[in-house]
Every structure is written in C-alpha cells, then in structure tokens.
Asker: 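Mind having a look at this structure? Questions to follow.
Chain A is the first sequence line, chain B the second, and so forth, proteins listed ahead of strands; every chain is numbered from 1. Since the structure is predicted, the reported quantities are computational estimates derived from the model, not experimental observations.
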Amino acid sequence: MSGTWNLIPKAEWIETDAQAQEAAEYLQQHARVNGLGTDTETTGTNLVKDVPLLMSLSDGNRRFAFWIQNLFRWNWLHEGVLRNPEIPKVGTKIKFDMHMCANIGIHIEGNLEDTLVMDWLYDENRTGRHGLKETAKDHCGLVMKDFKEVFPMRKATKKVPGETAGDAIMRVMADPVESLRGIEYAGLDAWGSVRVKMWLREQLSAIMMFPDRSLWQHFCDTEIPFTRVLFNMERRGITTCIGHLRAQSAPMDHDLHELEKEIVRHVGWPINPNSAVQLRKYFFEQMGYEPHRYTDGGASGIKQPSTDADTLIHFKDTKQCKVSSLMIKQREIAKAKSTYVDGLQDWVDRFFRIHTTLNQHVTVSGRLSSVEPNLQNIPRPDEDKFKIRAAFCAALGCVLVIADYDQLEMKLMAHFSQDPEMIGAIRSGKDLHCYTVALMYGENYEEVAEAKHCKEKKMTLTDRQKHLLLLRQAAKNTGFGLIYGIGPMKLASQLVDAKVFQPPRNEAELKENIKKAKDLINKYFMAFPGAKAFIDGTHQRCMETEYVQTLMGRFRRLPGINAKGGGGVDGEDGGGIAAEARRQAVNTIIQGTAADIAKQAMIVSEYDPVLNSIGAKLLLQIHDELIFEVEDDPEKVNTCKKRVQDIMEHPFGPDFELSVRLTAAAGSGYTWVDAK
DNA sequence: ACGAGATTCTGG
DNA sequence: TCCGCCAGAATCTCGT
C-alpha cells in the first residue's frame, strides 16, 4: 500500500500567467471525468471571518497550487473552471472551502461532490471517521499529512500571543526551503479527494438500494443537490436580535451569584454547583441520601449515583431539601446563560446574523446535525423563561415563515405497519394519542379529545380531565416508546414520572409497576396489531440481511442484529447488542424516512420557481420544521405559506402518496416565537 | 497546558 | 436479565 505514494504526482506551483493559462486549459479538458478536486488553506476555521490564502486544484492526476488572490487576474481559471457549471467540484468538507471563497467574493459553480457524504453513504457506521485522512488511508492506502505538521503554529507565550493558522502559512511559504513542503501539502487534499471519490464511486455504484437504483445514483440525484441547498442556508444565516440576549446576561449573573451564595450557606463549604463530584459528596456522603438513580457509566461502564434534575426534584419533593430546589434554579440559569444567552452571541456576524454549519454526513439515521452553533436545540419558548427563540428573527422588511409536519413519525409508523386502526384514526382526523387512550384504557374518545381541547384553550380543567390528560401523556410516551423500542422497565418509570403510576415504595411495588407497564405494551399491540407485526417483521427481515432501508432506500447496516445472546425473535426479550440493533432497526426506518422526506422538501423548496419568484429563502431545518425568510408583504407571505405547505405535504410530487396524508402547518411572524 | 471522558441538559 | 432512538455544547475531572 505504501507503494501508492509513488503514484502521487508532484505538486505544480502556479506563479506566471502562462502557467495558469496552461493549467486552466488542462483542467477544462481533464477535470470533467472525475471532477475537479478543490481545496483551500485558510486563515482559520470561522465560517464568516476567515479567508482562503492558498488554493489547490486537481483532476486526480496533475495537481496545482497557487496564492488564491491570483484568481482576480486569472479570469480564465476563475471563469472557465471554478465558475464553469459543467465541471463538478470534488472536495472533503467542500462547503467550508466554498464559504472561505465566498468571503473574498469568489463563487464556485457546478455540482458539489463531498467525499464526507459519499463515505457516509458507503458506511454510515464509521462515525467520526469519514474525514479525508481516514478515508484516504482506509480505502486507498494513502497516508495524508496533518495541517499542523506542515504549518506548525507557534504556541503562545507570556510575552507573545500565539500564531494564527494564517500567520503559520505566511511564515512557512515565505521560507524558500519550507515552502516546498507547503506546496506539496497544499496540493495533496484536492488530489486525495478525487482519488477517494473515484474509489467510493466504484463502491457506491455496486451497491443497489433497489434492483434498478444504486447508492451512487442516489448520491447524484439527491445528496449532490442537497449539499448546495445546505451551503445556501449556511451562507444566509439567520438574523439575531443580539440585544435580546445581551440584556439578560447581567441579571442572570446577579441571580446566579445570589443563588450560589445561598447554596454555599446551606452546604457549609464552597461547593461548585456545576460539579457532579462535589454534589455527590454533599448529597450522598454529607447528607446520607439514598441514590435516586445511577449514571449511564459511559464507555468505562462505571456507574455513579446521579445528581441530575430528576434526582434534585426527587430530593426536593421527598426530603424538602432546600439545597436541591436552589440547585434546580441555579442549573436552569447557568445552562441558559452559558450555552445560549452568552454562547450564541459569539456567533453573530456584522450583519447580526448567525451562520450554523449543517452536517449532511454525521447521523446514522440520515438526519442533519447542526454545529457551531447548534441551532437545532434552542429551548422551546413554553419551557424557557428567557425566551431565547425570540432572539431569532427576520431581517428588516421581512418575516419568518415557519412550517412543521404534524405527527410525522407516528404517521410513518401507520404507513409502514399498515395497521388499519392506526390508519383509520389518522385518516378520520382523530388525535392519535387521544384515540390510543380510548383503545387502551377503554375511555370515550370524544371525552379525551375534549380534555385536550380545553387544555389548549387554557380553560380550567376538572380533575377527571386532568386524569385523562395524564393518560394521554402516558399513551403518547408509549407511542413514542413504540418507535424507540421501549421496554417495560423504562415505560414503568416514565409512567411514574407522569403520575399515572404510584411511585414504588419497595421492590415488590416496582415489580408490580413493571408488570403493569408490560400489560400496557401488550394492550397497545392488541389495539394496533399491525404495529406489532411490523416490528416483528422488521426484526426478522433485518436478521436475514443485517440492514434496514428507509423509504428512499438509504441503508442502516446493523451487523449486531445477529449477535449472540440476543434472545428470541418475538421481540419479547433479548439483551445487549442484538436487542439494541432491533430497536435501531425499527427506529431507523421511521426516523430515517422522516429525514428523507424533510430532505426532499428542502431540495424542492430551494429550487421552486414560485418561492424563488417571491424571494423566499430557506434558512433553517429543525428535523420536522422548516424556517423561511420572505419580504413582509401580505401577498408574498401568503403565497410562501401555501407553497411551502404544499411542497412539504407532497415532497415527491403530486402522484406519490403514503397510506396516510402528510400534513404540515405554516405560520408567520417577526420572530421564531411569533411565527409558530 | 492540552485532550479525552463523564455528566448534564437542550432539541426532535 | 438488561435496554427507548437520534443529535451537540458547556463544564468539570483526570491523565498525559
């Protein structure tokens, strides 16, 4: 494998106009077959602040490198190659390089083929190892150098601040000897990306999602256009009312100080409320409380008594523990302040917009992930005292249009299971969870639905209605549990939390609760026998093939499904690896298909002539919710809402129907809170 | 000083 | 007998 090194062509440093002309002509001829490998070395990793310094291009054979500012006079390279829509661009994390280029006014056209996404389709279980270093080595036997090896950044000392990536690049490239290594490195990623793509294209072409459709076709039809959609969304960002955040910082600090002083007074020593270790000392050693639950233990499997919110609430309720109730308040404020009120401000650009990075290749199910910052876990306004979501708003002269799917995952469960009761309930417009209460507990559907209606209208509820709503909560939990593959133990503890079951006072009562939970699951399956058949059938089929597929045919490979000690095939039992794989099998079909649907709706939206004609822009996706920005004009807002709703309800065109209709609801307003 | 792992909490 | 799915960020703790 090390012999592959000999195949790496020497990097060509482009300085003269003649060299650039020759390179442009060569690439125009040769870069169409395998795409144009494109990579930049930049001043840093900030999406909006950093800029590219070096650029490298490769067709998979020759590789070129040059100072990027030369593009401004090498128009034939810029216009004829980079802006040539007929030449696909290949890269690893290519959206990032696109942002860097866009930051200095260079806009790249053509298909965006990212090896991260290819490798993810090839093996979604290689979590965190889709990068070029890993794929080049694992697939092509190529050992890639680290940026830091070639451009080592001088560490900060007491007197001198540390070097930036840009400083290191400029210093190394100014040195006649060291710059040679810089040039070699700079050209390598572009070339390596093309080689890795060639290998992955071969593999993906040979893996069939359906008899007439390969994974490579899926990549070309769906994932390539989607990469461009995500880039556009990231580029736009979302306007943030930074004042709404800034104004809350000082008062929160004050409250935190007061709370911490009072906590320390009660505890007697300077305890740090953020330290689980110190909290364990206080609660379980000093106070001698019994642990309420234990931590997961992580990779090492060492389980410790937990000091999470559940536990603090438990101590507050059962022991009237003052420290617990203070801690709960402290935690709430500390979390909101550090992650959101303060944390988000660091990401606001000079136009008051935040640009997240939307990862296409991270999750095993096919969902997006959002990082730096994560805009997919902003607190919901009903729970959140600080109304963080209201800080996200439309640009001046615009409104946000927000549309979300109604019960998408439960509808997919109905579709895949073909359960007649479930399909019937949804088709007749019933609230599924209310209907489940009726089926499971023998209550009257109308009465349960009325209780939910009263709660939504914020009317005063009778005790009977409160009880029914608890049952509905339980049914909802059981329903989601169905999708997640819940066991009787977990359901029992959930129903205790929901105050449907009595808290167990001893081992026997716990057993009793678990048995009752088991009965509920059985009842649920009696009510929806199709769901039971779907789950069992999924397990069975997965054990034969060791994978499951989403609606579009994307794979989730689950080799663990046939691990030893997995128990029977009836889904009743089975521990460890195989049981986990069984849960994942069912969940992936539902969650992964939901992701497919949202993805398709986004692609269609982005290129929709109607939405484009009114200037509606897709900004964010939160799994089953899309956020658009459009001019604040009643007609345009209405058109946008209608059109988005229509696209979301028929993402695969008017002729494609599931067993239950998809429904989406759209709202509009100046902020993320008002637009829902 | 830096990085990995554990814990906690946010979302769908 | 053990086990609800999929994510990311902040903070603390401990090892190097």
Asker: In whole angstrom, give the distance that lies between atom NZ of A:K511 and atom C1' of C:dC2.
Answerer: 13 Å

Asker: Would you indicate what A:Q591 reaches in the nucleic acid, counting non-hydrogen atoms under 4.0 angstrom: base, sugar-phosphate, or nothing?
Answerer: base

Asker: From the list B:dC9, B:dG11, C:dG4, which nucleotide is the closest neighbour of the side chain of A:P379?
Answerer: B:dG11

Asker: As a test of reading the structure: which of C:dG8, C:dC3, C:dA10 is closest to the side chain of A:K303, going by heavy atoms?
Answerer: C:dC3

Asker: Name the nucleic acid region contacted by A:V586, choosing base, sugar-phosphate or nothing; use a 4.0 angstrom heavy-atom cut-off, strictly under.
Answerer: nothing

Asker: Would you indicate what A:A336 reaches in the nucleic acid, counting non-hydrogen atoms under 4.0 angstrom: base, sugar-phosphate, or nothing?
Answerer: nothing

Asker: Indicate, with a heavy-atom threshold strictly under 4.0 Å, whether A:Y340 touches base, sugar-phosphate, or nothing.
Answerer: sugar-phosphate

Asker: Counting only side-chain heavy atoms from C-beta out, which of C:dC6, C:dA10, B:dT8 sits nearest to A:S306?
Answerer: B:dT8

Asker: Does A:I483 reach a base, just sugar-phosphate, or nothing at all? Heavy atoms under 4.0 Å.
Answerer: nothing

Asker: Between A:E456 and A:K452, does any NZ, NE, NH1 or NH2 come within less than 4.0 Å of an OD or OE carboxylate oxygen?
Answerer: yes

Asker: In terms of relative ring orientation, are A:F315 and A:F284 parallel, tilted or perpendicular, with 30° and 60° separating the classes?
Answerer: perpendicular

Asker: With sugar-phosphate meaning primed atoms plus P, OP1 and OP2, does A:T588 contact a base, only sugar-phosphate, or nothing at under 4.0 Å between heavy atoms?
Answerer: nothing

Asker: Parallel, tilted or perpendicular: which describes the rings of A:F480 and A:H433, with under 30° parallel and over 60° perpendicular?
Answerer: tilted

Asker: Could you check which of C:dG8, B:dC9, C:dC5 has an atom nearest any side-chain atom of A:V371?
Answerer: C:dG8

Asker: Choosing from C:dC6, B:dT10, B:dT7, which nucleotide comes nearest the side chain of A:Q304?
Answerer: B:dT7

Asker: B:dC9, OP1 or OP2 - any side-chain N/O from A:T339 closer than 4.0 Å?
Answerer: no

Asker: Strictly under 6.0 Å, is that where the ring centroids of A:Y122 and A:H130 end up?
Answerer: no

Asker: Counting side-chain heavy atoms from C-beta on, which of C:dG4, B:dG11, C:dT11 comes nearest to A:R583?
Answerer: C:dG4

Asker: A:N374 side chain: which of C:dA9, B:dC9, B:dT7 is closest?
Answerer: C:dA9

Asker: Among the candidates B:dG12, B:dG11, B:dT7, find the nucleotide nearest to the side-chain atoms of A:D624.
Answerer: B:dG12

Asker: Taking OP1 and OP2 of C:dT11, is either one under 4.0 Å from a side-chain nitrogen or oxygen of A:N272?
Answerer: no

Asker: Specify whether A:F416 and A:F534 have parallel, tilted or perpendicular ring planes, treating 30° as the upper limit for parallel and 60° as the lower limit for perpendicular.
Answerer: parallel

Asker: Is there a side-chain polar atom (N or O) of A:K490 under 4.0 Å from OP1 or OP2 of C:dG4?
Answerer: yes

Asker: Which residue, A:M489 or A:H623, contacts DNA chain C at a nucleotide closer to its 5' end, judged by nearest heavy atom?
Answerer: A:M489

Asker: Are A:D119 and A:R126 close enough for a salt bridge, meaning some N to O gap below 4.0 Å?
Answerer: yes

Asker: Report yes if a side-chain nitrogen or oxygen of A:T307 is closer than 4.0 Å to either non-bridging phosphate oxygen (OP1 or OP2) of B:dT8; otherwise report no.
Answerer: yes

Asker: Of all the choices, B:dT10, B:dG12, C:dA7, which nucleotide is nearest to the side chain of A:S369 once you look at every atom?
Answerer: C:dA7

Asker: Hey, does A:I378 reach any base, or is it just sugar-phosphate, or nothing, if we go heavy atoms under 4.0 Å?
Answerer: sugar-phosphate

Asker: Categorize A:N477 for me: base, sugar-phosphate, or nothing, with a 4.0 angstrom heavy-atom threshold over every strand shown.
Answerer: base

Asker: I'd like to know if the side chain of A:R246 reaches the main chain of A:V341, judged simply by a donor and an acceptor atom lying under 3.5 Å from each other, with no hydrogens or angles considered.
Answerer: no

Asker: Quick one: A:I333 CD1 to B:dT10 C1', roughly how many Å, whole number?
Answerer: 16 Å

Asker: Starting at atom CG of A:L491, determine the distance to atom P of C:dC2, rounded to an integer number of angstrom.
Answerer: 18 Å

Asker: Using only side-chain N and O atoms of A:R367, determine if any of them is under 4.0 Å from OP1 or OP2 of C:dC5.
Answerer: no

Asker: Regarding A:D384, tell me which of base, sugar-phosphate or nothing describes its non-hydrogen contacts under 4.0 Å with the strands shown.
Answerer: nothing

Asker: Need one value for A:G592: base, sugar-phosphate or nothing, where a base atom within 4.0 Å counts as base even if backbone is also close, heavy atoms only.
Answerer: nothing

Asker: Looking across every strand, which nucleic acid part, if any, lies under 4.0 Å from A:E383 by heavy atom: base, sugar-phosphate, or nothing?
Answerer: nothing

Asker: For A:F480 and C:dC6, give me the distance from atom CZ to atom P, rounded to whole Å.
Answerer: 16 Å

Asker: If I take atom CZ in residue A:R331 and atom P in nucleotide C:dT11, what distance separates them, rounded to the nearest angstrom?
Answerer: 14 Å

Asker: A:D146 has an atom CG; how far is it from atom P of B:dG3, in whole Å?
Answerer: 12 Å

Asker: Under a 4.0 Å N-O cut-off, is there an ion pair linking A:K676 with A:D404?
Answerer: yes

Asker: Does the base of B:dT10 carry an N or O that pairs as donor and acceptor with the side chain of A:N377 under 3.5 Å?
Answerer: yes

Asker: Are there over 12 heavy-atom neighbours, none belonging to A:K337, within less than 6.0 Å of that residue's NZ?
Answerer: yes

Asker: Rounded to the nearest Å, what distance is computed from the CG atom of residue A:L358 to the C1' atom of nucleotide B:dG11?
Answerer: 14 Å

Asker: Give me the atom names and distance for the closest heavy-atom approach of A:V267 to A:Q286.
Answerer: O-NE2, 3.2 Å

Asker: When you get a sec, tell me which of C:dG4, C:dA7, B:dC9 is the closest nucleotide to the side chain of A:T363?
Answerer: C:dA7

Asker: Below the 4.0 Å mark, does B:dT7 have OP1 or OP2 next to a side-chain nitrogen or oxygen of A:T295?
Answerer: yes

Asker: With the threshold set at under 4.0 Å for non-hydrogen atoms, list the residues of residues 275-285 of chain A touching DNA chain C in residue-number order.
Answerer: A:S275, A:V277, A:Q278

Asker: For A:R582 and C:dC3, is the shortest distance between a side-chain N/O and OP1 or OP2 below 4.0 Å?
Answerer: no

Asker: Between the side chain of A:S493 and the main-chain N/O of A:K490, is any donor-acceptor distance below 3.5 Å?
Answerer: yes

Asker: Rounded to the nearest angstrom, tell me the gap between atom NE2 in A:H314 and atom P in B:dT8.
Answerer: 15 Å

